[in-house]
Amino acid sequence: MLNADLHCHSNVSDGTLSPEDVAARAQRNGVALWSLTDHDEVGGQHRARAAAAALGMGYLPGTEISVTFLHKTVHIVGLGFDPDNAQLRQGLADTRGGRERRARDMADELAKAGIPGAFEGALKYVGNPDLISRTHFARYIVETGACADPHEVFRRYLAEGKPGFVPHRWASLKDAVHWITGAGGIAVIAHPGRYDFTPNEEYALFSEFKAHGGQAVEVVTGSHTVPEYQEYADMAREFDLLASRGSDFHDPTESHTDLGTLPNLPGRLTPVWEALADRVLHP
Ligand code: AMP
Ligand code: MN
Ligand code: MN
Ligand code: MN
């Protein structure tokens, strides 16, 4: 099967490598079709595409949109769209818009929890001032010595219900899917195994996503366990969705799944890249 990695991040969002360095790492690891999917942002797309072309990899434009669905944050990946589409760009800009306010509120809460200076601290790790994220706070809190690694920071401070968590209203599911499809792309439910939905809520997510025009789901991702590959392969078949595969790579030391190293998709699924064949940018 084609080594496709259609989910990862650069320092244009909360990854640590430049788009060019992510491209080089993907190519070294054998990736033949790549997509850079920075959170709520397409600012790295032209650089990623040029880097992929120079390295001989196929490329699909990508992004990962933050959505609020049933009071929880859900991520919707978009693939194969026109990165210059005005409506998509405006939608992403609006989605990014509340991040600085949220970050200041998070820093206030963290100060009360004994971690002062977190806004300025997190900013030191930010590559794109429009995109300050919890990941940047996590890196700063590790630097202070309060936690050993980012996972511990999330567990103790940044996950829902913890002292540094500030509820936030992201894009609607309908808008996110429409921005992607309106720009000629395919919308993908990212890492469905990561959401704490009940079976009924998960069913609602998949049905509403489809009703809005969503066409694919991540089955094999760095955020899924091996049993979840089978579980979401079954969901893809049940909902007649295309299947995607992506590492969700952010950083060489933080990420437990490296670019291009995931197992193949399970059988009896249609890979999303087959439906996007005419949108792949060839070197
Ligand atoms: P934000 O968009 O600012 O809410 O940040 C979300 C990002 O935080 C995700 O894209 C992940 O990169 C990271 N993240 C979320 N949960 C965890 C976790 N438990 N451990 C490490 N990173 C996480
Ligand atoms: Mn992230
Ligand atoms: Mn995600
Ligand atoms: Mn991601």
Side-chain angles (χ1 to χ4, degrees), residues 5-17 22 34-42 44 62-69 71-79 92 95-107 109-110 118-119 122-123 125-142 147-162 164-171 176 187-196 205 217-218 220-225 228 244-251 253-259 262:
D5 194 323
L6 305 181
H7 186 154
C8 62
H9 301 272
S10 74
N11 59 9
V12 173
S13 65
D14 62 347
T16 56
L17 305 182
V22 181
W34 176 53
S35 181
L36 177 69
T37 55
D38 278 311
H39 296 283
D40 307 326
E41 177 64 281
V42 288
T63 187
E64 180 177 20
I65 306 181
S66 311
V67 159
T68 301
F69 183 78
H71 310 290
K72 291 208 169 95
T73 300
V74 165
H75 286 169
I76 300 296
V77 162
L79 296 172
L92 294 178
T95 306
R96 289 193 298 274
R99 280 185 178 269
E100 181 173 339
R101 177 75 256 157
R102 168 194 187 231
R104 291 188 186 279
D105 293 345
M106 282 174 60
E109 296 304 314
L110 286 166
F119 182 77
L123 269 189
Y125 292 88
V126 167
N128 171 2
D130 257 15
L131 215 118
I132 177 163
S133 94
R134 283 186 291 163
T135 316
H136 302 112
F137 280 88
R139 292 185 183 128
Y140 172 66
I141 293 169
V142 171
C147 294
D149 58 60
H151 292 284
E152 185 187 341
V153 182
F154 274 89
R155 206 172 57 244
R156 287 177 49 198
Y157 292 102
L158 300 181
E160 187 162 358
K162 299 298 171 181
F165 182 82
V166 171
H168 193 74
R169 179 77 173 248
W170 302 105
V188 188
I189 300 175
H191 44 61
R194 275 239 313 256
Y195 314 125
D196 278 335
L205 171 65
V217 59
E218 283 182 352
V220 174
T221 138
S223 302
H224 280 175
T225 61
E228 283 171 338
S244 193
R245 172 181 189 260
S247 57
D248 209 355
F249 175 85
H250 285 70
D251 171 81
T253 54
E254 288 170 16
S255 298
H256 50 82
T257 305
D258 205 343
L259 290 150
L262 285 166

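Every heavy atom of this structure was used, including side-chain atoms; hydrogens, water molecules and symmetry mates were not. Note that ligands are numbered from 1 as they come in the structure, with each ligand's atoms numbered from 1 the same way.
Of the options Arg134, Glu64, Met106, the smallest heavy-atom separation from atom 6 (C) of ligand 1 is shown by Arg134.
In terms of heavy-atom proximity, Ser66 sits nearest to Trp170 at O-CB, 3.2 Å. Of all non-hydrogen atoms in Val77 and Glu218, the two that sit nearest each other are CG2-OE2, 3.8 Å. When every heavy atom of Leu36 is checked against every heavy atom of Gly44, the shortest pair comes out as CD2-O, 4.1 Å. When every heavy atom of Val12 is checked against every heavy atom of Asn128, the shortest pair comes out as O-ND2, 3.0 Å. Closest approach of Asp14 to Ser133, counting heavy atoms only: CB-OG, 3.4 Å. The shortest non-hydrogen separation linking Ser223 to Glu228 is O-OE1, 4.0 Å.
A donor atom on one side chain and an acceptor atom on the other are found under 3.5 Å apart for His191 and Glu64.
His75 is listed as a side-chain neighbour of Tyr195, based on a closest heavy-atom distance under 4.5 Å. Between Thr135 and Pro150 the shortest side-chain heavy-atom distance does not fall below 4.5 Å. At a threshold of 4.5 Å between non-hydrogen side-chain atoms, the residues Leu92 and Arg96 count as touching.
Within the coordination shell of the Mn ion (ligand 4), defined by N, O or S atoms under 2.8 Å, His9 is present. Among the backbone and side-chain atoms of His39, no N/O/S atom is found under 2.8 Å from the Mn ion (ligand 4).
Rounding to the nearest 10°, we obtain 110° for the angle at the Mn ion (ligand 3) between His191 NE2 and His75 ND1.
Distance from atom 9 (C) of ligand 1 to its nearest protein heavy atom, with residue and atom name: Asp14 OD2, 4.0 Å. The single protein non-hydrogen atom nearest to atom 20 (N) of ligand 1 is His151 ND1, 3.0 Å, given as residue, atom name and distance. For atom 19 (N) of ligand 1, the nearest protein heavy atom (residue, atom name, distance) is Phe154 CB, 3.5 Å.
Not one N or O of Arg194 is nearer than 3.5 Å to an N or O of ligand 1, by distance alone. For ligand 1, none of its N or O atoms has an N or O atom of His75 under 3.5 Å away.
The residue Thr73 has no part lying near ligand 1, judged by heavy-atom distances below 4.0 Å. Counting heavy atoms under 4.0 Å from ligand 1, residue Arg102 touches it through the side chain alone. Looking at Arg99 against ligand 1, only its side chain comes within 4.0 Å, counting heavy atoms. With a 4.0 Å heavy-atom cut-off, ligand 1 is reached by the side chain of His39 but not by its N, CA, C or O.
The closest approach between a heavy atom of His168 and any atom of ligand 1 is not below 4.0 Å. In this structure, His136 does not count as a contact residue of ligand 1, since none of its heavy atoms falls inside 4.0 Å of the ligand.
Short contacts between ligand 1 and His250, defined as distances under 4.0 Å to a heavy atom of the residue, involve ligand atoms 12 (O). Against a heavy-atom cut-off of under 4.0 Å, Thr135 is close to the following atoms of ligand 1: 7 (C), 8 (O), 12 (O), 13 (C).
In terms of distance to the Mn ion (ligand 3), the nearest N, O or S atom of Glu64 is named OE2. Closest N/O/S atom of Asp248 to the Mn ion (ligand 4): OD1.
A salt bridge does not link Glu160 to Lys72: none of the charged nitrogens lies less than 4.0 Å from a carboxylate oxygen.
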Report task. Apply the test side chain to side chain donor-acceptor pair (under 3.5 Å) to residues Asp248 and Thr221: give CA-CA distance (whole Å), side-chain angles for both, the deciding distance (0.1 Å), then the verdict. Result -> CA-CA 7 Å; Asp248 209 355; Thr221 138; 5.2 Å; no
